[in-house]
2 protein chains.
Amino acid sequence: MKALSQVGKYGLRALLYLVAYPPKNQYLSIREISDELGLSFHFVTKIFRELTEKGILISYRGPSGGIALAKPAEEIMLIDVIKALEGEDYFDKCLIGLPHCGTAKPCPVHEFWKEVKTKMQKNFSETSLALLGEKIRTMEVRLDD
Amino acid sequence: MKALSQVGKYGLRALLYLVAYPPKNQYLSIREISDELGLSFHFVTKIFRELTEKGILISYRGPSGGIALAKPAEEIMLIDVIKALEGEDYFDKCLIGLPHCGTAKPCPVHEFWKEVKTKMQKNFSETSLALLGEKIRTMEVRLDD
DNA sequence: CATATTTAAGAGTATTTAATCTTAATTAAG
DNA sequence: CTTAATTAAGATTAAATACTCTTAAATATG
């Protein structure tokens, strides 16, 4: 199941790198992130520009510039990132694509699909970037490969 | 969340129409299905050709020809259809796209994502086309709009 | 102030997915 | 046997997504 676009996948991985390996300086360069994760520098730059516009990152140009979280990692929830990367309507889609599917006009799998989406929304709303960063740092989990 | 491609969405809707409104004759024409659901005849034809190759449908050419389920609707599970339309590896994908993500090398959201996929697999494995057809026929749910 | 480093912006290209079109093959019915 | 109805097959086109490239703007440092 391809639940995220490449923008979503790469953006999330790149953000998690920033959270897991916070720089000594105020800013971490996009180049370091893209190099470390083996992602296209230009593509990550484009994605991060969007996250900056949406208030999840702040950026600074020039030498020793880069990007940084706009808020403490504890206050940024996974759901914020996913909605920023995939669209605010991410959890509003009918599985079989019926535009008016909803309580009033449910599709054949509406109730079940709503359960799945609710489970995801709940988990993503409770998961902070700080928590994920900590999991990565303690080597419980991985960000590349 | 876009969990299915257009092929998956249209294919499933078209199949469900067949199940919900079984023809008097042995075969139902693709033209009727695509007309009724407002889908492209040619696109549905192409999708159905795949489902025929994969043994979910049988087809018959010529006047009063069309397509029909290869097995009783009770014996075709939603999961079979989704795997046929989206690929056998549909439930094997890492949320953030890491190729080697798994128990040995989990990504930061591996465990949760596995739960979601397991829930879906379980439900889709227990849901027959017959059940969905019945829901549609009794007007509990809808297939267009 | 000159230079190097970094992100910003957007144009450009490539790939994948979606949809359409054309022609062939099959078959029923007059 | 001719015609019409239907799916099969694959070529073609369109659109969306995924990247890549170029140039500009900002800024630190010598």
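The chains referred to below are lettered A, B, ... by the order of the sequence lines, with proteins before strands, and numbering in each begins at 1.
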remark   = Residue pair Gly62(A)/Ser5(A) against DNA chain D: nearer the 5' end by closest nucleotide is Ser5(A)
key: Separation of dA8(D) P from Leu51(B) CG (nearest whole Å)   = 11 Å
inquiry  = Salt bridge check, Glu50(A) against Lys54(A): does any charged N sit closer than 4.0 Å to a carboxylate O?
reply    = yes
ask   = Taking NZ from Lys2(A) and C1' from dA16(D), how many angstroms apart are they, rounded to a whole number?
value = 10 Å
task = For Lys46(A) and for Thr52(B), locate the closest nucleotide of DNA chain D by heavy-atom distance; then report the residue assigned to the nucleotide nearer the 5' terminus.
result = Thr52(B)
Check ion pair Lys119(A)-Glu115(A) (N to O, under 4.0 angstrom) = no
task = Just say parallel, tilted or perpendicular for the rings of Phe124(A) and Phe91(A), cut-offs at 30° and 60°.
result = tilted
request  = Count the heavy atoms belonging to other residues, nucleotides or ligands that lie under 6.0 Å from CD of Glu75(B), then report whether that count exceeds 12.
outcome  = yes
ask   = Rounding to a whole Å, what distance do you find between Tyr27(B):OH and dA8(D):P?
value = 11 Å
message = By the 4.0 Å heavy-atom rule, please label Phe41(B) as base, sugar-phosphate, or nothing.
response = base
task = Whole angstrom is fine here: how far is it from CD1 in Ile47(A) over to P in dT17(D)?
result = 14 Å
query = Is the side chain of Lys9(B) donor-acceptor paired with the backbone N or O of Gly97(A) at a distance under 3.5 Å, no angle test?
reply = no
key: For chain B, the stretch of DNA chain C it reaches, first to last nucleotide, under 4.0 Å of its heavy atoms   = dA18(C) to dA28(C)
key: Spatial distance of atom CD1 (Ile47(B)) from atom CG (Leu85(B)) [nearest 0.5 Å]   = 7.0 Å
message = If I take atom CZ in residue Phe43(A) and atom P in nucleotide dC21(D), what distance separates them, rounded to the nearest angstrom?
response = 14 Å
query = For Tyr60(B), which contact category applies under a 4.0 Å heavy-atom criterion: base, sugar-phosphate, or nothing?
reply = sugar-phosphate
query = Is any NZ, NE, NH1 or NH2 atom of the basic residue among Lys122(A) and Glu126(A) found under 4.0 Å from an Asp or Glu carboxylate oxygen of the other?
reply = yes
Atom-to-atom span, NE2 of His42(A) to C1' of dT23(D) - whole angstrom = 11 Å
key: Rounded interatomic separation in angstrom, taking CD from Gln6(B) and P from dA14(D)   = 18 Å
message = Please compare Val7(B) and Phe48(A) by the position of their nearest nucleotide in DNA chain C and report the one closer to 5'.
response = Phe48(A)
